[in-house]
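In this text, all values refer to a predicted model and were calculated from it rather than measured experimentally.
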Amino acid sequence: MRIIRAADCLVMPWKNGGGTTTEIAVAPDGASLDDFDWRISMAHVGQDGPFSSFPGIDRTLSVLTGAGIMLAFDDGERVRLDRASAPCPFAADRAVEGLLVDGPIDDLNVMSRHGRWQHRVERLSGAGSLSAAEGLLVLIARKGDWQVNGAALPAGDSVVLDAPGRVELTVSGCEAELYAVWLTMEARGTLS
């Protein structure tokens, strides 16, 4: 179990230069925006604009703060995300414009590369247990004072756990929010 303190996270510019992002975790360690296998980050979105394109990448977006954002895809599809919305998966090379609903937002962005990794994101609001059969489980504490297998995980901090294993979560505080990200390696084709 590796705890990542919010104060230790790297702040860097967006790939398209339109803002900044706080990188929580990336694989392999030190990977750039062009060669990561998976990446978890938070971004502050202060104005409308296009999303950065990441060919060969799957993305899941969750709204952390603010009134929300409308995803305006170039094929005409519109998806409105707010604090109550489930995490929204889409291809990261799909052209999309972000239109703020009513002022700035902060979001959680999880990305994984086709053929190497896949991911799933869930928002949790209370104690319980989680399991990971393979790969990694990353927990991002947003609100409340969480305990992960007895270790303190205050709001803003994250933890990376190797599978296989189970995690027991407890939390104190009147509001609680934690994001769970399951990352698994995709099966490689075999030669016959």
Which pair of non-hydrogen atoms, one from L100 and one from G46, has the smallest distance, and what is that distance? CD1-C, 3.6 Å

Evaluate M111 against F54 for side chain to side chain contact (heavy atoms under 4.5 Å, CB included), listing each step before the verdict. CA-CA 9 Å; M111 296 189 286; F54 289 89; 3.9 Å; yes

Might you point out which heavy atoms bring E186 and W117 nearest each other, and give the distance in Å? OE2-O, 3.4 Å

What pairs of donor and acceptor atoms, side-chain ones from residues 157-167 against any protein atom, are under 3.5 angstrom apart with sequence neighbours left out?
unit_1	atom_1	unit_2	atom_2	d
D157	OD1	A6	N	2.9
D157	OD2	R5	NH1	2.6
R166	NH2	S129	OG	2.7

Rounded to the nearest 0.5 Å, the CD atom of E168 sits from the CG atom of N149 at a distance of 6.5 Å

Return each pair, listed once, that meets salt bridge (Lys or Arg N to Asp or Glu O under 4.0 Å) where at least one residue sits in residues 41-59; pairs must be two or more places apart or across chains. none

Same cluster (ILVMFWY, side-chain, under 4.5 Å), L124 and L61: no

According to salt bridge (Lys or Arg N to Asp or Glu O under 4.0 Å), does anything in residues 141-150 pair up with another residue at least two apart or in another chain? List the pairs. K143-E175

Who pairs with T22 by side chain to side chain contact (heavy atoms under 4.5 Å, CB included), at least two apart in sequence or on another chain? C9, V11

Apply side chain to side chain contact (heavy atoms under 4.5 Å, CB included) to S62 and list each qualifying residue two or more places apart in sequence or on a separate chain. P87, L108, V121, Y179

From CH2 (W182) to CD (E122), nearest 0.5 Å: 4.0 Å

Please name the pair of heavy atoms, one in A176 and one in V171, separated by the smallest distance, quoted to 0.1 Å. CB-CG2, 3.7 Å

What side-chain donor-acceptor pairs closer than 3.5 Å can you find for residues 34-41, not counting sequence neighbours?
unit_1	atom_1	unit_2	atom_2	d
D35	OD1	S32	N	2.7
D35	OD1	S32	OG	3.0
D37	OD1	R116	NH1	2.5
R39	NE	E23	OE2	2.9
R39	NH1	S41	OG	3.2
S41	OG	T21	OG1	3.3

Can you tell me how far apart OG1 (T170) and CH2 (W146) are? Round to the nearest 0.5 Å. 8.5 Å

I need the I4 CD1 to I140 CD1 distance, nearest 0.5 Å. 8.5 Å

Of all heavy-atom pairs linking A72 and L99, the shortest is CB-CD1, 4.0 Å

Using side-chain heavy atoms (C-beta onward) and a distance below 4.5 Å, is L10 in contact with V26? no

Applied to residues 57-78, the ring-ring contact (aromatic ring centres under 6.0 Å, His included) test, sequence neighbours excluded, yields F73-F90

State, to 0.1 Å, how close L81 and A86 come at their nearest heavy-atom pair, and which atoms those are. CD2-O, 4.2 Å

Side chain to side chain donor-acceptor pair (under 3.5 Å) partners of R2, counting only residues at least two apart: none

Validation: residues 63-71 side-chain donor-acceptor distances under 3.5 Å, sequence neighbours left out:
unit_1	atom_1	unit_2	atom_2	d
T65	OG1	D106	N	3.2
T65	OG1	D106	OD2	2.7

Check the hydrophobic clustering (I, L, V, M, F, W, Y; side-chain heavy atoms under 4.5 Å; chains of links allowed) and say if V148 and V138 are grouped together. no

Under the side chain to side chain contact (heavy atoms under 4.5 Å, CB included) criterion, do V181 and L137 qualify, and how do the steps go? CA-CA 6 Å; V181 179; L137 174 59; 5.9 Å; no

If you define the side chain from C-beta out and look only at heavy atoms, does anything of V79 sit under 4.5 Å from C88? yes

Do I3 and L169 sit in the same hydrophobic cluster, where Ile, Leu, Val, Met, Phe, Trp and Tyr count as joined when their side-chain heavy atoms come under 4.5 Å apart? yes

Any residue meeting side chain to side chain donor-acceptor pair (under 3.5 Å) with E134, in chain and number order, not counting sequence neighbours: none

Taking atom CG of N109 and atom OG1 of T60, what is their separation to the nearest 0.5 Å? 8.5 Å

With hydrophobic residues grouped by side-chain heavy-atom distances under 4.5 Å, do L136 and V110 end up in a single group? yes

Please list all pairs meeting side chain to side chain donor-acceptor pair (under 3.5 Å) that have one or both residues in residues 68-90, counting only residues at least two apart or in different chains. D75-R94, E77-R94, D82-S85, R83-E177

Can you pull out every ring-ring contact (aromatic ring centres under 6.0 Å, His included) where at least one residue sits in residues 121-141? Sequence neighbours excluded, please. none

Intermediate values then yes/no, side chain to side chain contact (heavy atoms under 4.5 Å, CB included), Q147 and L153: CA-CA 6 Å; Q147 294 276 322; L153 189 69; over 6 Å; no

Do you reckon M12 sits in the same ILVMFWY cluster as I57, going by side-chain contacts under 4.5 Å, direct or chained? yes

